[in-house]
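One structure is given here, and the rest of the page talks about it.
In what follows, chains carry the letters A, B, and so on, assigned in the order in which the sequence lines appear, proteins first and then strands, with residues in each chain numbered from 1. Everything quoted here is computed from the prediction, not taken from an experiment.
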2 protein chains.
Amino acid sequence: MSGVTNRFLSNATNRIDAKSRVSVPAGFRSVLVERGIQELYCLQDFVYPAISVGGPDLLDRYERQIASVDPFSPEANRMSLLVHGGGVFMRLDAEGRLMVTDFIRDFTGIGTEVTFVGRSDHFQLWQPQAFQDAQAAAREARFSSRPA
Amino acid sequence: MSGVTNRFLSNATNRIDAKSRVSVPAGFRSVLVERGIQELYCLQDFVYPAISVGGPDLLDRYERQIASVDPFSPEANRMSLLVHGGGVFMRLDAEGRLMVTDFIRDFTGIGTEVTFVGRSDHFQLWQPQAFQDAQAAAREARFSSRPA
DNA sequence: TGGGACCATATGGGCGTCAATGGGAAGAGG
DNA sequence: CCTCTTCCCATTGACGCCCATATGGTCCCA
């Protein structure tokens, strides 16, 4: 079924407080509950300056990929460096907020606000303007000729 | 299963004090406890300028790898030189710190700070900047095939 | 149909606990 | 006898856990 509560959809922008916390949009939180996700696995996106956030299954998916090659190969070493060394587990506080660490700030350029972007089976953290730009660029590339 | 306390994940950078000690991140320490690891086996990574740290099982795994290739190959010879000749056992002190020896400094270029990098079944010690660079390079190289 | 009670989300901040760090003193080894 | 290491305790700063407030929207009822 294609209900609304079991997928991460749409986007929202929230403010970061003085303690570097930001509320995860309520809609996303209910998806997390729906999916029984408590531990959040966070990883740098491979293409965009964004942090991907999902359940442990997100990590599983990458690990299966690693397992498919020789574990001692430089290839596997490189993947593990990103997936294991670059990935972080986080949890939300009682109010459904997460910490915006330097790890997240440095990679995304996030300053005072975070744009949450649904990606179906996970969601992402973006610097608001970067998200606008990337979306505009994606639109541009897909529908090549369109006057603004 | 992909619990959080039974694998080494994510990364953290800690300072080395005047006595050349550095705190192992609390998260990593609990994984060590979880796995019943007391003696730490350390050796040089085959690819990167990093020291790999794990339990005695880490040594086992490398020995099996050596055994799986032609024992007279330059490859096996080289691996044995590193694994058997280059490996070191260490222990943590009561506060969960380890000594940063010259063996570690020389191979990694570590100066005043250490970046601890989770690698699932073991973790690594990196010079902070070297880790940043290696990760950026790995991301650049990306995967040959990507998850759907 | 307009007003108001009610509710959920987002946001702000206090406070206790624990990890990270620094340094002193006792013990082992050369 | 001197140095290097190990054990122990003190400090501090970050993070988790808790409760308080604001803001916007919805529903109910007059």
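Ring planes of A/Tyr41 and A/Tyr62: tilted class, angle from 30 to 60°.
The distance between atom CG of B/Leu92 and atom P of C/dA20, rounded to the nearest whole Å, is 12 Å. For the pair A/Phe89 CZ and D/dC15 P, the interatomic distance rounds to 19 Å; values are reported in whole Å. A straight line from CD1 of A/Ile16 to C1' of C/dG13 spans 17 Å, rounded to a whole angstrom. Atom NZ of A/Lys19 is separated from atom P of D/dC18 by 13 Å (rounded to the nearest Å). One interatomic measurement links the two molecules: CG of A/Asp93 to P of C/dT11, which rounds to 13 Å at whole-angstrom precision. One atom, CG of B/Asp17, and another, P of D/dC8, lie 18 Å apart when rounded to the nearest Å. If you measure from atom CG of A/Leu98 to atom P of D/dC15, you get 13 Å, rounded to the nearest angstrom.
Under a hydrophobic clustering in which Ile, Leu, Val, Met, Phe, Trp and Tyr are joined whenever their side-chain heavy atoms come within less than 4.5 Å, directly or via other members, A/Val53 and A/Val33 fall into different clusters.
Residue A/Ala94 is out of contact with every strand shown, counting any heavy-atom pair closer than 4.0 Å.
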Would you list the atom pairs, donor with acceptor, under 3.5 Å between side chains in residues 22-32 of chain B and any protein atom, with sequence neighbours excluded?
unit_1, atom_1, unit_2, atom_2, d
B/Arg29, NH1, B/Val24, O, 2.7
B/Ser30, OG, B/Ala26, O, 2.9
B/Ser30, OG, B/Gly27, O, 3.0

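Using a 4.0 Å cut-off between charged side-chain N and carboxylate O, B/Arg61 and B/Asp57 make a salt bridge.
The side chain of B/Asn14 lies closest to C/dT21 when the candidates are C/dT21, C/dA10, C/dG12. The side chain of B/Arg97 lies closest to D/dC8 when the candidates are C/dT11, D/dC8, C/dG24. Checked against C/dT21, C/dT9, C/dA19, the side chain of B/Glu95 finds its nearest nucleotide in C/dT21.
Between B/Arg29 and A/Ala18, the residue anchored nearer the 5' end of DNA chain C, judged by the nucleotide with its closest heavy atom, is A/Ala18.
Residue-to-nucleotide contacts include a donor-acceptor pair under 3.5 Å from the side chain of A/Arg21 to the base of C/dG13. Side-chain atoms of A/Arg15 and base atoms of C/dG12 include no donor and acceptor less than 3.5 Å apart. Below the 3.5 angstrom threshold, one finds no donor paired with an acceptor across the side chain of A/Arg91 and the base of D/dG16.
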Check the pair B/Trp126, A/Leu81 against side chain to side chain contact (heavy atoms under 4.5 Å, CB included), reporting the backbone distance first and the verdict last. CA-CA 12 Å; B/Trp126 285 72; A/Leu81 192 67; 3.7 Å; yes
